Amino acid sequence: RSNGWAKVSPLNKSLTAGRGACLPESAVGWVRYPSGVSDLPTHNLIAWPDLPAAQQPLWPDPDNLADVTAELAQVPPLVFAGECDQLMGHLGQAARGEAFVLMGGDCAETFAANTADSIRARLKTVLQMAVVLQYGSRMPVVKIGRMAGQYFKPRSKPTETKDGQTLPSYFGDGVNDQAFAEAARRIDPHRLLSAYHASSAALNLVRAFTQGGYADLHQVHAWNQDFVRESEAGIRYERIAREIDNALAFMKACGADPEEFKRVDFYASHEALVLDYERPLVRIDSRTGNPYSVSGHFLWVGERTRDAGSAHLHFASLIHNPVGVKLGPTATPEDALALAETLNPDRIPGRLTFITRMGAGRVAEALPPIVEKVEADGHPVVWVCDPMHGNTRETSGGVKTRQFEDVTAEVHGFFEVHRSLGTHPGGLHIELTGDDVTECLGGIGGPQEQDLPYRYETACDPRLNRVQSLELAFEVAQRLEELR
């Protein structure tokens with residue numbers, strides 16, 4: 001308990017299906033979710049059953065936690081139900097093969113990087129990628145940021161040891177601090193409030209950028225003015241930008257200057273991980289009487305928390321936002337079908353997205369039976385490729401990295417599976433930054449292993465820099481163009 005984690009035990013003997021059916025005493029991170037949250041003023045219509053929940057920090061002071069969650073239950077929403085419904089409609093288009101989803105942003109957001117420059121750089125990267133994808137595919141691109149809520153991270157081990165000192169692992173800025181010091185690693189529920197306020201500030205700025213002129217297609221050249229411009233990907237992008245400029249000038253000469261070209265819809269997403277943050281931020285929609293999460297437009301359940309009968313799946317099944325689930329190489333077709341039945345029993349297009357993270361060497365083998373099973377049962381799933389998490393490795397020096405060629409190999413494998421099955425490759429989910437970091441290796445002129453120390457800045461997993469992100473966008477655009 002002193003390091004912030006509860007002792008593990010199987011908590012629900014009635015669980016009978018999936019990986020959560022028999023939880024061994026040694027299973028890492030399973031704790032009973034504290035009772036009483038459903039008694040908070042805005043939650044008296046919602047019952048939170050006592051279910052096992054993986055990867056939850058054990059807060060040192062329950063009374064302190066209760067004060068924080070009570071405050072979270074009263075704060076204004078970060079997003080609105082109508083926006084979530086609008087996103088679900090766009091995702092429904094992707095499920096039918098009429099749109100493509102681009103989800104991108106930091107692996108783990110930090111309070112220190114929640115600045116105007118950092119937010120603008122990440123937004124600019126997604127906008128540039130979307131231009132490339134939309135130009136190549138000739139279909140709408142649904143733009144979703146991994147931002148304004150990605151302050152929590154699952155960990156393989158609850159503690160970390162350095163030089164003989166053992167401290168709680170870093171679970172994201174919403175729980176504790178990255179610095180390896182006793183005070184920094186202390187589990188602090190007040191950081192939940194800090195995560196909310198940081199997310200609010202980020203969303204305000206994103207809305208200003210996307211609705212106030214920065215995302216105007218006439219600015220397509222302005223997004224390419226820094227270190228990216230002279231790269232090969234930047235030069236290819238500039239050619240597309242010139243063609244867009246010519247098209248816009250022609251349309252204006254014809255008297256057409258649509259408002260749709262001057263702003264974009266941009267949605268916020270994150271992993272629904274720490275339930276002490278997510279549950280208080282559920283609100284009842286006044287229009288419909290349905291519960292929605294107001295912490296983000298789109299929430300997903302991770303590979304480590306998607307067990308049958310878990311509190312995370314119950315949470316995702318309750319809210320009326322569009323939701324996703326990460327599926328790794330251990331997922332079976334039966335797992336996927338059960339998830340679809342649990343999370344989208346009414347088979348609403350756009351409600352459920354499967355984000356597959358198989359790894360470059362496993363995607364051709366692991367993905368087809370899952371897609372076949374779900375599609376044969378008629379579930380309108382959005383299939384999205386996460387080519388990052390299945391391709392992480394350590395260098396000989398113990399530094400976590402990813403090879404760009406492995407990332408692109410999984411993307412091509414994902415497209416090949418859907419081509420062979422006649423199904424729709426619906427989107428891309430990547431960890432990226434707008435900065436010139438040296439965290440992922442390879443790409444045209446990209447960092448090599450000796451370059452990693454130069455700008456290795458991630459709080460958790462390695463991210464593509466903006467040049468690599470653009471290069472990946474061109475690879476995906478080529479595959480989409482082949483589908484036209």
Side-chain angles (χ1 to χ4, degrees), residues 82-104 126-145 210 215 217 240 243-244 247 251 256 258-269 297-298 300 320-325 327 336 340 343-344 346-356 367-368 370-372 374-387 411-412 414-430 472-484:
E83 296 172 333
C84 300
D85 293 344
Q86 183 182 50
L87 173 58
M88 194 178 301
H90 294 323
L91 292 171
Q93 288 180 288
R96 295 187 294 270
E98 300 166 1
F100 192 79
V101 179
L102 174 61
M103 305 178 70
V126 174
L127 291 176
Q128 283 190 281
M129 293 181 72
V131 163
V132 172
L133 294 172
Q134 195 156 326
Y135 189 86
S137 68
R138 303 296 194 268
M139 68 170 65
V141 173
V142 185
K143 292 167 277 292
I144 306 175
T210 56
L217 264 182
I240 291 176
E243 293 187 28
I244 291 172
M251 292 180 66
E259 286 297 313
E260 289 81 1
F261 289 172
K262 299 177 182 178
R263 57 181 60 89
V264 299
D265 292 325
F266 192 91
Y267 301 97
S269 71
H297 299 105
F298 179 99
W300 73 84
H320 282 242
N321 308 56
V323 296
V325 182
L327 298 178
L343 296 176
N344 193 20
D346 296 328
R347 306 190 179 205
I348 301 169
R351 158 67 178 169
L352 178 60
T353 296
F354 279 149
I355 305 167
T356 62
L367 185 57
I370 292 175
V371 176
E372 285 183 297
V374 173
E375 292 282 337
D377 208 59
H379 284 280
V381 167
V382 184
W383 296 101
V384 168
C385 176
D386 169 2
V411 169
H412 286 299
F414 172 82
F415 272 87
E416 195 57 33
V417 166
H418 286 285
R419 185 200 62 77
S420 65
L421 296 177
T423 51
H424 305 302
L428 184 67
H429 179 117
I430 58 173
L472 178 61
F474 279 109
E475 295 263 359
V476 175
Q478 183 177 344
R479 296 305 302 249
L480 289 172
E481 192 169 356
E482 293 168 1
L483 298 175
R484 280 165 43 192

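Just so we're clear, the structure is a prediction, and the values are computed from it rather than from any experiment.
Here the closest non-hydrogen pair linking P380 and A95 is O-CB, 3.8 Å. Nearest approach of G426 to A94, heavy atoms of both residues: O-CB, 4.2 Å. The shortest non-hydrogen separation linking A336 to F354 is O-CZ, 3.3 Å. Taking both residues in full, the closest heavy atoms of G97 and M139 are given as O-CE, 3.8 Å, listed atom of the first, atom of the second, then distance. Closest heavy-atom contact between V101 and M103: CG1-CG, 3.7 Å. Minimum interatomic distance between A477 and L133 (heavy atoms only, all atoms of both residues): N-CD2, 3.8 Å.
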Walk me through it: do L352 and H379 pass the test side chain to side chain contact (heavy atoms under 4.5 Å, CB included)? CA-CA 9 Å; L352 178 60; H379 284 280; over 6 Å; no
Under the criterion side chain to side chain contact (heavy atoms under 4.5 Å, CB included), I'd like the reasoning laid out for V476 against F415: C-alpha separation, chi angles, the key distance, then a yes or no. CA-CA 9 Å; V476 175; F415 272 87; 3.9 Å; yes
Using side chain to side chain contact (heavy atoms under 4.5 Å, CB included), reason through H90 and D265 one step at a time and then give a plain yes or no. CA-CA 10 Å; H90 294 323; D265 292 325; 4.0 Å; yes
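Annotation: the span from I244 atom CD1 to Q134 atom CD amounts to 8.5 Å, rounded to 0.5 Å. For the atom pair CE (M129) and CG (L472), the distance works out to 5.0 Å, reported to the nearest 0.5 Å. Atom CD of residue Q478 and atom CG of residue L483 lie 11.5 Å apart, to the nearest 0.5 angstrom. Remark: H297 NE2 to N321 CG distance equals 9.0 Å, nearest 0.5 Å. Atom-to-atom distance recorded for L428:CG and F100:CZ is 5.5 Å, nearest 0.5 angstrom. Within the model, atoms CD1 of I144 and CG of L91 stand 5.0 Å from one another, a figure rounded to the nearest 0.5 Å.
Under the 30°/60° scheme for interplanar angles, the aromatic rings of W383 and H418 are found to be tilted. Aromatic ring pairs are classed by plane angle as parallel below 30°, tilted from 30° to 60° and perpendicular above 60°; the pair W300 and F298 is tilted.
A donor atom on one side chain and an acceptor atom on the other are found under 3.5 Å apart for H412 and R479.
Residues R351 and V323 meet the side-chain proximity criterion, which asks for heavy atoms closer than 4.5 Å. Counting heavy atoms from C-beta on, the side chains of V131 and L217 come closer than 4.5 Å. Residues E475 and V411 are not in side-chain contact: their nearest non-hydrogen atoms beyond the backbone lie 4.5 Å or more apart. Using a 4.5 Å heavy-atom cutoff, the side chains of M88 and I348 are in contact.
Without hydrogens or angle criteria, H424 side chain to R96 main chain gives a donor-acceptor distance under 3.5 Å. In this structure, S269 contributes its side chain and G145 its backbone to a donor-acceptor pair below 3.5 Å.
Each of I370, D386, L367, I355 was checked for a side chain to side chain contact (heavy atoms under 4.5 Å, CB included) with L327, and the lone residue meeting it is I370.
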